[in-house]
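Just follow the structure's listing: the first ligand is 1, and inside any ligand the first atom is 1.
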Amino acid sequence: MHTLTLKPGRDKSLLRRHPWVFSGAVEKVQGSPATGDTVEVRSTNGQFLAVAAWSPASQIVARVWDWQRRPVDSAFFHERVQHAATRRQALLDGTETNAVRLIHGENDRLPGVIADRYDDTVTVQLLSAGADRWREAIADALFSLPGVERVFERSDADVRELEGLAPRLGWLRGGAGGRPLTISEHGLKFQVEIESGHKTGFYLDQRDNRLRLRQLAAGHDVLDCFCYTGGFALNALKGTAKSVTAIDSSADAIAQGRVNALLNELPQPEWIEADVFQQLRTFRDQGRSFGLVVLDPPKFAPTARHAEKASRAYKDINLMAFRLLVPGGALMTYSCSGGIDAGLFQKIVAGAALDAGVDVRIEDWLHASPDHPVALNFPEGEYLKGLICRRD
Ligand code: SAH
């Protein structure tokens with residue numbers, strides 16, 4: 001077995017079960033591990049710490065597979081994938097939902113592996129050298145899950161570059177079903193473009209928040225900012241909103257949104273292809289107002305280094321949104337930035353309300369659906385945070 005020995009004192013984070021080893025922590029490497037190979041990680045005094053995947057091109061040179069000395073092989077991936085899938089089964093059984101995240105990376109003890117199930121199809125992202133090395137075992141394990149007919153790889157995220165890996169896209173098991181893939185989420189239908197849509201095709205983390213909006217929407221003029229393929233907008237219509245306006249800068253996303261409205265026999269929202277920052281100002285100038293506003297922007301701060309600039313962007317859209325709310329209206333506002341934690345996000349939104357000159361109460365804190373768990377030992381995860389704020 002190849003061995004990584006850490007510098008004195010650099011075993012602390014692993015002892016706290018944080019699953020990453022940074023390059024600066026390594027004292028020496030014994031053996032000649034190839035990229036993605038399994039290495040044993042030891043402290044200076046030779047104490048066993050973990051088995052991990054070796055990734056020499058990355059700042060994160062090793063990611064932990066297990067805290068026990070055990071073989072990392074096909075059986076290992078079978079067990080982990082089964083375990084993660086079993087935990088999600090209740091979200092599918094007897095429900096009107098057939099799309100869930102099956103594997104949430106480090107949070108499911110599978111660093112670099114993201115897998116989303118869309119009906120009978122799984123889309124997988126292999127984002128680290130270790131995940132890439134075990135492509136076949138991971139694909140087999142996903143393909144063996146009951147009801148899974150095909151597995152598609154969408155490993156085209158930028159983070160692969162940091163691991164020295166080229167993008168990869170294509171069918172790993174089964175093949176295109178020869179039809180658009182349609183999922184059901186709390187009874188609403190959405191077409192998912194797994195080959196060309198964002199990430200793996202759909203933003204499953206917002207599933208339960210979209211249902212929440214449906215329950216709040218009746219009788220209101222609703223504005224869905226950063227609407228993608230209409231996730232929130234169509235839930236507002238399903239919840240008998242008086243009117244729905246949906247903004248996104250992507251023409252493709254809006255085209256898909258139109259199809260999704262038809263699929264559900266819902267009226268078309270007012271679709272606006274525009275930059276949200278500008279469109280909110282246009283609405284202000286037009287004197288338009290809304291009873292409910294959703295802000296679900298892309299991540300403005302991938303890491304803490306981007307937090308300051310991102311804070312200004314979040315503040316700007318939240319301030320504009322508060323100004324567009326009718327008295328008694330509510331804002332559902334989110335951030336999925338890894339570089340901005342829930343506390344900071346709340347401060348930014350509070351600052352926006354202050355500058356907008358409105359009195360606002362937080363009615364609830366929002367988070368990702370339960371198939372996106374957050375491991376307590378892994379605060380770096382990009383987790384969703386949100387607030388429902390009601391204006392006086
Ligand atoms: N709410 C969506 C997911 C939003 S993802 C859902 O429930 O499915 C973020 C979206 O913001 C993407 O569709 C992207 O095209 C869009 N976007 C990014 N920057 C934008 C901008 N400046 N103005 C408008 N849309 C933008």
Side-chain angles (χ1 to χ4, degrees), residues 97 99-101 116 118 123 157 181-186 188-194 196-214 216-217 222-239 241 244-261 263-264 266 269-283 292-302 306 309-310 312-318 320-321 331-338 366-369 371-372 382-386 388:
T97 294
V100 290
R101 172 148 297 185
D116 287 336
Y118 299 120
T123 310
L181 186 57
T182 304
I183 60 159
S184 172
E185 177 181 277
H186 296 305
L188 270 181
K189 292 182 206 131
F190 293 92
Q191 269 185 14
V192 178
E193 280 288 348
I194 56 169
S196 58
H198 295 181
K199 311 263 175 124
T200 67
F202 201 66
Y203 293 93
L204 292 170
D205 55 345
Q206 289 284 26
R207 179 190 322 109
D208 291 354
N209 294 322
R210 290 190 279 254
L211 179 62
R212 186 76 180 265
L213 179 75
R214 192 192 300 181
L216 292 174
V222 178
L223 173 61
D224 177 6
C225 300
F226 309 96
C227 66
Y228 190 46
T229 59
F232 282 99
L234 299 190
N235 272 281
L237 286 165
K238 182 85 175 166
V244 178
T245 301
I247 313 170
D248 203 282
S249 55
S250 158
D252 288 348
I254 288 180
Q256 187 65 68
R258 282 184 209 280
V259 172
N260 288 336
L263 270 180
N264 292 285
L266 288 167
E270 175 193 13
W271 300 104
I272 301 179
E273 184 191 329
D275 173 46
V276 165
F277 290 83
Q278 307 211 329
Q279 188 61 35
L280 294 179
R281 286 174 168 76
T282 304
F283 285 153
L292 263 172
V293 177
V294 178
L295 290 175
D296 184 22
K299 60 169 183 266
F300 294 148
H306 308 85
K309 185 157 174 249
R312 285 196 292 277
Y314 284 116
K315 185 168 174 186
D316 184 69
I317 50 173
N318 280 276
M320 294 305 298
L331 170 66
M332 255 188 169
T333 181
Y334 299 96
S335 164
C336 56
S337 290
L366 303 166
H367 45 75
S369 306
D371 42 336
H372 298 65
E382 269 177 25
Y383 65 96
L384 183 75
K385 59 231 85 165
I388 299 183

Problem set entry | SB check Asp224 Arg210 (cutoff 4.0 Å) |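 Result for this pair is no, no salt bridge flagged.
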Exercise. Which residue owns the protein heavy atom closest to atom 19 (N) of ligand 1, what's the atom, and how far is it?
Worked result: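 For this ligand atom, the closest protein heavy atom is Pro298 CG, 3.8 Å.
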Problem set entry | atom 15 (O) of ligand 1: nearest protein contact (heavy atom, Å) | Asp248 OD1, 2.7 Å
Seminar exercise, completed: In short, Gln279 meets Ala274 closest at the heavy-atom pair OE1-CB, 3.7 Å
Problem set entry | Nearest non-hydrogen partners of Ala99 and Tyr118, listed with the distance | CB-CD2, 4.0 Å
Exercise. So is Cys227 close enough to ligand 1, meaning a heavy atom under 4.0 angstrom away?
Worked result: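 Contact present.
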Exercise. Hey, does Cys225 sit under 4.0 Å from ligand 1 if you only count heavy atoms?
Worked result: no
Any idea which of [options] brings a heavy atom closest to [atom]?
atom                    : options                        : result
atom 20 (C) of ligand 1 : Ser250, Gly257, Ala246, Ser249 : Ser249
atom 3 (C) of ligand 1  : Ile317, Asp296, Asn235         : Asp296
atom 8 (O) of ligand 1  : Arg210, Gln279, Glu185         : Arg210
atom 12 (C) of ligand 1 : His198, Arg207, Lys199         : His198
atom 5 (S) of ligand 1  : Phe232, Phe277, Phe202, Tyr203 : Tyr203
atom 22 (N) of ligand 1 : Asp224, Asp252, Asp275         : Asp275

Problem set entry | Whether over 12 other heavy atoms sit under 6.0 Å from His367 NE2 | no
Problem set entry | Parallel, tilted or perpendicular, as decided by the 30° and 60° cut-offs, for the rings of Phe226 and Phe300 |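 Ring orientation, 0 to 90° scale: perpendicular.
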Exercise. Mind checking whether His186 and Lys238 have side chains closer than 4.5 Å, heavy atoms only?
Worked result: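 No, side chains not in contact.
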For this session: Report yes if Val276 has an N/O atom closer than 3.5 Å to an N/O atom of ligand 1; otherwise report no.
Result: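 Between Val276 and ligand 1, an N or O pair is found under 3.5 Å apart.
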